[in-house]
Amino acid sequence: MPTFALVDGNNFYCSCERVFRPDLVGRPLIVLSNNDGCAVARSQEAKDLGVKMGVPFFQIRHLVQEAGLVALSSNYALYADMSARMMAILGQFSPVQEVYSIDECFVDLTGMGTLAGSLTVYGQLMRERVLRWIGIPTCVGIAPSKTLAKMANHIAKKNVGRPWSGVCDLTALPERDRDELLGLVEVGEVWGVGRRLRERLVADGIATALDLKRASPSFVRSTVSVVLERTVHELNGIACYGFEAEAQPQKQIICSRSFGHPVLTQEDLSIAVRDFAATAAERLRRQGLKAGQVHVFIQTSAFRKKDKQYSAAVVVPLAVPVGDTLRLVEAALAGLARLYKPGFKYAKAGVMLLDLTDRTVEQADLFAGPAPRRERLMAALDAVNDRFGRGTLRVGNVEGHQAWHMSQNAKTPSYTTEWEGLPTAR
DNA sequence: TCTGGGGTCCTAGGACCC
DNA sequence: TCTGGGGTCCTAGGACCC
């Protein structure tokens, strides 16, 4: 039987910020989404103030004055770098590690129970090393399936049933004790049960993780989905998902943004869309991929109910898959021209690259003749931007038309990834 | 006034084929 | 007047995740 550990950083973005801003320890802290729109990470003190996940900042701004809430813009360069360090440390504890998201990974602990005396002790070693080496607090959940490992992590984090000191090993518990814990966890906390599914399950009398564990798999399959059927098996300790240690090639690449201010003209939208296409193209090449389709969308703000609403999307197929920024930008702008209607206040736009294939696979276009080869140009573009910073070389004139740019009013320095951001002793 | 971004998977239904 | 059955492929939309 496999043994999965799920390790994740507590309030990860907040914890990253506190490593370099120890003055923020103990204070209510949140990190905001792009545009300083919503709270996407909250320290325990912020949660205690009642700040909910995803709440718009303008609704809680008063807490800055009233309760000393600190709100920071998101600093993804910092979080990505801290994440890489955390994953490298955790990777030392097992030959098999699956990085699941920026702040969590699965680690294969199969057969490792005797290494440190027990899996619980081993879990503590992981936590201690991450905390000591990079200053990020974590929790560890250990179980015979991924869904149960996530559950164990939740139990450890929320101290369900009793205090756990950051590590909950469900494999060490008899079934009866395990069930008792599952009975204390609301079904919406189960991995794979979102808001919609929770409502439905609760209406059917399935209110806790234990209820779902005891549901009939075939009934769940026929009335809900095969996905939830697997969840039922996983809650029963039957692993339906294994480790995916190798990152699979992506199937789509998205670059989209909400605008800092409403955008009205096609020209301003073009500037944004061009930038999104270029950014997506950069990510595409970095992964050694080409795109066969470019999807473009624009939309007004659904929150502004008084405004006329419009949202539209179009897919522009390419004769041959390309990784060339110029051609992808061209396709995106052609898509935009088909979508654009004057008279609306646009709030968001995006570019999606689809039908991704490996760069090395060549499929010539029978009718269009050979495409201009700009591999060396693109390589030079990427090399310059790598060395001198993103946006050093861009397509077209983007200065002076930045109406769409997002606002980030409280961003900390890139402490670990830019010379200018290095913390200095004072 | 002010509400994120980037992904995956599954399913239902339509188009099309024989 | 009367109009099949079975299969594949693609796409849009929904649900979920962090």
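Please read all numbers here as calculations on a predicted model, not as lab measurements. The chains referred to below are lettered A, B, ... by the order of the sequence lines, with proteins before strands, and numbering in each begins at 1.
Proximity note for A/Ser33 (side chain, C-beta onward) versus B/dG5, B/dG4, C/dC18: the nearest is B/dG4. You'll find that the side chain of A/Arg283 is closest to B/dG7, out of B/dT8, B/dG7, B/dT3. Checking C/dC16, B/dC2, C/dC18 against the side-chain heavy atoms of A/Asp103 singles out C/dC18 as nearest.
Distances shown here put every side-chain N or O of A/Lys150 at or beyond 4.0 Å from the OP1 or OP2 atom of C/dC17. Residue A/Arg304 places no side-chain N or O under 4.0 Å from the OP1 or OP2 atom of B/dT3. Dashed line: the shortest gap from a side-chain N or O of A/Gln250 to OP1 or OP2 of B/dG7 is under 4.0 Å. Regarding contacts with the backbone of B/dG5, a side-chain N or O of A/Ser258 is found under 4.0 angstrom from either OP1 or OP2. Put simply, A/Ser256 has no side-chain N or O that comes within less than 4.0 Å of OP1 or OP2 on B/dG4. At least one side-chain nitrogen or oxygen of A/Arg230 sits closer than 4.0 Å to the OP1 or OP2 atom of B/dC10.
Residue-level contact check: A/Val193 touches the backbone only, with heavy atoms under 4.0 Å from sugar-phosphate atoms and none from bases. Backbone-only contact: A/Arg195 has heavy atoms under 4.0 Å from sugar-phosphate atoms and none from a base. A/Tyr100 comes within contact range of the sugar-phosphate backbone alone, with a heavy-atom separation under 4.0 Å but no base atom that close.
Ring geometry, A/Phe243 versus A/Phe106: the interplanar angle exceeds 60°, so the pair is classed perpendicular (tilted spans 30 to 60°).
Judged by a 6.0 Å distance limit and a 45° cone about the ring axis, A/Lys348 is not positioned over the six-membered ring of A/Phe259.
No hydrogens or angles considered: nothing links the side chains of A/Glu267 and A/Thr265 as a donor-acceptor pair under 3.5 Å.
Comparing B/dC17 with C/dT3, their P atoms are spaced 24 Å from each other, to the whole Å.
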